[in-house]
Amino acid sequence: MAGLLDKRREDRDEAEIPTAGMADIAFLLLIFFLVTTTINVDTGIGMTLPPELNPDQKPPPVKERNLFKILVNAQGELLVEEEPASIGQLRRRVKEHVTNYGSDPDLAVSPDKAVISIKTDAQTPYNTYIEVLDEVWMAYREIWDQIAQTGRTPVKGESVDLGKTYSNYQEYYNTLEPGDDNKIRDAFGAQISIAEPDTGE
């Protein structure tokens, strides 16, 4: 009897786990995770660029009064219309410029003629550039919110036929189907020119 127990104990000691299949399973799991895992990629700032101009075609002339110039130097300091300014003033000044409707001879003739020009230096801090761009877009966004809420353009009060009013521009935008006209942006478009930064050469 003792011999039979010893024999079983020896058989148990010699038993091994087959590992050949484990390598295959580990390899398959590795392939699975490589195929299914998404890697976040920095996609930058989403912007719709205008179509490329024909090299023989001259860019359309822009009257000086319609141009709202923002310069950001290498230290992140702003010159707005050739005067020092802070980022906090930018939104209000952009709104004044584009909603002028010709009242002030130094500001834009009309919203569709107004161009916001942003020029930076190659050494401009990235955060400052983004803050400036955000403030300019927020100026337009506040105007679009007002149009969505009232169905009328600011200051001049032209009617924009939206069918109904909305709590903000985003709510209106969410109702648009692909191919629908964006009546708010058609009535009050944004024209932002971003010049290539100065390289200092």
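Any value given below was found using the heavy atoms of this structure, including those in side chains, with hydrogens, waters and symmetry copies removed.
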Mind checking the [atom1]-[atom2] spacing from [X] to [Y]? Nearest 0.5 Å is all I need.
| X | Y | atom1 | atom2 | result |
| --- | --- | --- | --- | --- |
| D104 | D106 | CG | CG | 5.0 Å |
| I184 | Y166 | CD1 | OH | 8.0 Å |
| N100 | K95 | CG | NZ | 14.5 Å |
| R92 | E142 | CZ | CD | 12.0 Å |
| K183 | L162 | NZ | CG | 7.0 Å |
| T128 | Y126 | OG1 | OH | 12.0 Å |

Q57 atom CD, neighbour heavy-atom count above 12 within 6.0 Å: yes
Would one find more than 12 heavy atoms of other residues, nucleotides or ligands at under 6.0 Å from atom CD of Q123? no
With side chain to side chain contact (heavy atoms under 4.5 Å, CB included) as the criterion, how do N182 and Y172 come out once you've worked through the C-alpha distance, each side chain's angles and the decisive distance to 0.1 Å? CA-CA 9 Å; N182 187 330; Y172 164 76; 3.4 Å; yes
Do [X] and [Y] touch side chain to side chain, with heavy atoms closer than 4.5 Å?
| X | Y | value |
| --- | --- | --- |
| L78 | L90 | yes |
| I70 | S117 | no |
| L107 | V98 | no |
| T99 | I143 | yes |

Can a donor-acceptor pair be found between the side chains of R152 and Q146 at a distance below 3.5 Å? no
Looking only at side chains, do N174 and Y169 share a donor and an acceptor under 3.5 Å apart? no
Taking [Y]'s backbone N and O only, do any of them form a donor-acceptor pair with [X]'s side chain (distance below 3.5 Å, no angle check)?
| X | Y | result |
| --- | --- | --- |
| E77 | N73 | no |
| Q191 | D112 | yes |
| E83 | V80 | no |
| T124 | T120 | no |

Heavy-atom closest contact ([X] atom, [Y] atom, distance):
| X | Y | result |
| --- | --- | --- |
| V94 | A139 | CG1-CB, 3.7 Å |
| A108 | A114 | CB-CB, 3.6 Å |
| G151 | T165 | N-CG2, 4.3 Å |
| P84 | L79 | N-CD2, 3.5 Å |
| H97 | I116 | CD2-CD1, 4.2 Å |

Please determine whether residues [X] and [Y] belong to a single hydrophobic cluster, defined as Ile, Leu, Val, Met, Phe, Trp and Tyr linked transitively by side-chain heavy-atom distances below 4.5 Å.
| X | Y | answer |
| --- | --- | --- |
| Y173 | W144 | yes |
| V35 | F27 | yes |
| Y140 | I194 | yes |
| I87 | I192 | yes |
| I147 | M138 | no |

Before giving the answer on side chain to side chain contact (heavy atoms under 4.5 Å, CB included), spell out for R93 and F68 the whole-Å C-alpha distance, their side-chain angles and the decisive distance to 0.1 Å. CA-CA 9 Å; R93 293 193 60 184; F68 186 79; 3.8 Å; yes
Sort and list the pairs that fulfil side chain to side chain donor-acceptor pair (under 3.5 Å) and have at least one residue in residues 59-68, not counting sequence neighbours. E64-K69
Under the side chain to side chain donor-acceptor pair (under 3.5 Å) rule, what pairs show up with a residue in residues 129-138, not counting sequence neighbours? R91-E135
Could you tell me how the ring of F188 sits relative to the ring of Y101: parallel (under 30°), tilted (30 to 60°) or perpendicular (over 60°)? perpendicular
